Amino acid sequence: MANFNGIDFDVGVSNVLGDEALFKEILVMFYQDHYLDGDKLQSAIQEKDIDSVKHIVHTLKGVACSVGAIDLFEATKVFDLAVNDDKREDFDRLFSKLSPEINRVMKGIELLLDVS
Amino acid sequence: MTRSQKLALVVDDSKVQCKMLSELLEEENYHVVIANDGASGVKKYSEHQPDLVLMDINMPIMDGFEATRRIKKLSGAGTLAPIIFITSMDNEQSFIKSVEAGGDSILVRPFTPLVFKAKVKAMQRISDLVGQVKSLQQEQQDDAELAEKMMSNVIEARNFALDKIGVIKKAAAIFSGDIQLSALCPNGDINVLLGDFTGHGLRSSIGAIPVTETFRAMTKKGFSILDIVAQINRHMHTLLPGDLFFAASFARISEHEKSAYIFNAGLPDGYLFDQKASIKKQFTSTHPPLGILPQLLPDAQFEVVQVMHTDRIVFITDGIVEARNQAGEFFGYSRFEQAAINGITQKNLVVSVLDSLDDFCQNCEQEDDISLVEVPCSGWQKVKVTNKVTIPEGFTEEDNHFGTTPNLSPTWSYHLHLTGRLLKTVNPIPLVMSQINDIEGAGEHWQSLYTILTELFINALDHGVLELYSSLKDSAEGFTQYFNERTKRLDNLADNAVSALDNFVRIELQYFPLAHGGKMIINIKDSGQGFEILDVIKDNSIAMNDGLKLSGRGIELVNQLCDTLEYQEKGTLVTASYIWHDLISLE
């Protein structure tokens, strides 16, 4: 069984009914769609583009949950709440916690799967 | 996609989510269609009409709430179009907004495949139920339409002279709770009924068949309008559930008597219009709707009016006057009357009233059945009665040739001796006619016999026993007065137990078959004082020629129909001989 950093592989695979090959395929899709989310989120925060902040965080939250990236999910969840409560002063602090989680998960996938 | 496979639409802007949800759905035997934003979700919904929709909330172009609202609008009220929101927004607000937008369920992340599976199954179960209800509804609708068609055939298609009666019938549901009937009486009068059962739809139309049967059968047998109303009331009281009753107006129009007998039990006022569209009279309800009381009120009485050939009687149901417009106002009586008056002037009352109603109500939903009948007061009689007294076709030589002569004993005879109270409560003519039909079978020629019997019996009762003067009927007002007096005297007769047996009318019939027809000898004897036979006959003849006198016409008619008509015993006994020939064998 592969050991993806930041991803609970068992949870993720069970979410696609135990199909490991499919799950790996999904992890590649996840990587391709979201590996730039850290950069995108940072610019959105700087530009005070709240709609984009909200969209990036919310989507990432849902997907992280689905693939079993539990820590990433928890970090996005806290951020998502702050966005909903419009606590902009917290964004930088929350980003500094979220960003390493994104990187960790993406690096983990990069390491074990062909994401090119 | 195989036949048993269902179709699901996944609307989510994340390809990862779409892929994962598809996997779960395919496991549940769904074929999956994907859309990545709300707008294309709506488009794909209308293209594919899926069995299930999984909807994300936050999406570009159009969010999940808006897409759901549009899909629900597209699918209409009759279809469920089950939509499950799938979200990671686990707050109250998104839950409430999902339901408000029309979502049928919500699934919040994280969830396990087992929870997902259970959710989809539950949703599908509801969706199947809705489908079943829908197909049952459709079946019921089809059945109801078929039943309505058959019922209309039984009820309205058999109405008499439909082409002469103006009719509006607009049902609020498939079944109308309103009923319109017309039937010809044996003497050429016409009976018309407009009725309105409580409510509308199938429930309110269940009484229609018994009402129709009673109305037709009793009219055909020659029962009076009050007999028919009383019988329908009894029927409705027994048959209808407690909260259902029957408001109805009845009219019997006698062309040869130039009169109409009206009974209104719970309907809006009926109208008598003249040729110039003026309202000559209104017929207000004088009795509670039928079916409420076990019997008619003791003082229940019809209204008698003189009518001209060019007059018309109009009955309406409350659906017309209570039709409402957008502002909630009623159409009301004055608008109806104006429309009716305009209609008569333009020679099309029905169209005028309908147009006026449509203009008023616009596209407001119809709340109750809307009905009207417009009945002309002439044009019903098949045989014209002329003023000239014709010689009736009597006994012919040919009858002798074939053996049977009227001098022999009758093959049967019939006696009915009614006294006192029974003279008020029993109408002997249908009884007598029923006996004749039972013994000799039905036939066209009995119509004339019915007229003869009716006229002679009424004369014996009114002028003999009740001592009423027909001269009272000379004026239109007198006509009503005559009938009021008649009712009063009949009541006295019924209440007077002491001399009950002294007041009587006796009807005797003797039947002689002929080779090509038959002969009926009718004797009617009454307990009255008698009258100067010659004077009356002479008087009537003059009056007839002058076209002045309203009364006496009955006797002239009888005289024309009979072979011989003789008064004896100072006018207290009348003997009529009625002969008919089988027309086919004489040709």
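On a predicted model such as this, the values are computed, not experimentally measured, just so you know. Chain letters run A, B, ... following the sequence lines, proteins first, then strands; residues in each count from 1. Below, all heavy atoms of this structure are taken into account, side chains as well, without hydrogens, waters or symmetry copies.
- If you take CE on B:Met55 and CD1 on B:Ile84, they are separated by 11.5 Å, rounding to the nearest 0.5 Å.
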Go through the steps to decide whether B:Gln141 and B:Glu145 satisfy the test side chain to side chain donor-acceptor pair (under 3.5 Å), and finish with yes or no.
CA-CA 6 Å; B:Gln141 168 103 359; B:Glu145 276 167 15; 3.0 Å; yes
Before giving the answer on side-chain contact (heavy atoms from CB on, under 4.5 Å), spell out for A:Phe95 and A:Val53 the whole-Å C-alpha distance, their side-chain angles and the decisive distance to 0.1 Å.
CA-CA 11 Å; A:Phe95 179 74; A:Val53 171; over 6 Å; no
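- Of all residues spanning residues 354-362 of chain B, none has a heavy atom less than 4.5 Å away from chain A's heavy atoms.
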side-chain contact (heavy atoms from CB on, under 4.5 Å), that's the test. Do A:Phe79 and A:Leu60 meet it? Break it down for me.
CA-CA 11 Å; A:Phe79 206 136; A:Leu60 189 58; over 6 Å; no
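- In this structure the side chain of B:Gln132 reaches within 4.5 angstrom of the side chain of B:Leu129, judged on heavy atoms.
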Test side-chain contact (heavy atoms from CB on, under 4.5 Å) on B:Met20 and A:Ile26; report intermediate values, then the result.
CA-CA 8 Å; B:Met20 293 184 81; A:Ile26 284 168; 3.4 Å; yes
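- The six-membered or imidazole ring of B:Phe95 lies away from that of B:Phe85, with a centre-to-centre distance of 6.0 Å or more.
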Could you check A:Val67 against A:Phe23 for side-chain contact (heavy atoms from CB on, under 4.5 Å), going step by step and ending with a plain yes or no?
CA-CA 8 Å; A:Val67 298; A:Phe23 183 57; 4.1 Å; yes
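- The pair B:Glu66-B:Arg70 meets the salt-bridge criterion, with a side-chain N (NZ, NE, NH1 or NH2) lying under 4.0 Å from an Asp/Glu carboxylate O.
- Proximity to chain B is absent for every atom of A:Leu27, based on heavy atoms less than 4.5 angstrom apart.
- Contact of B:Phe116 with chain A is not made at all, since no heavy-atom distance falls under 4.5 Å.
- B:Asp128 places a side-chain heavy atom less than 4.5 Å from the side chain of B:Gln124.
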Quick check - list every chain B-chain A donor-acceptor pair under 3.5 angstrom, one line each.
residue  : atom : partner : partner atom : Å
B:Asp13  : OD2  : A:His55 : NE2          : 2.9
B:Gln17  : OE1  : A:Ser66 : OG           : 2.7
B:Gln17  : NE2  : A:Gly62 : O            : 3.1
B:Gln17  : NE2  : A:Ser66 : OG           : 3.4
B:Lys19  : NZ   : A:Glu25 : OE2          : 3.4
B:Asn58  : ND2  : A:His58 : NE2          : 3.3
B:Ser88  : O    : A:Lys61 : NZ           : 2.5
B:Arg109 : NE   : A:Ser66 : OG           : 3.3

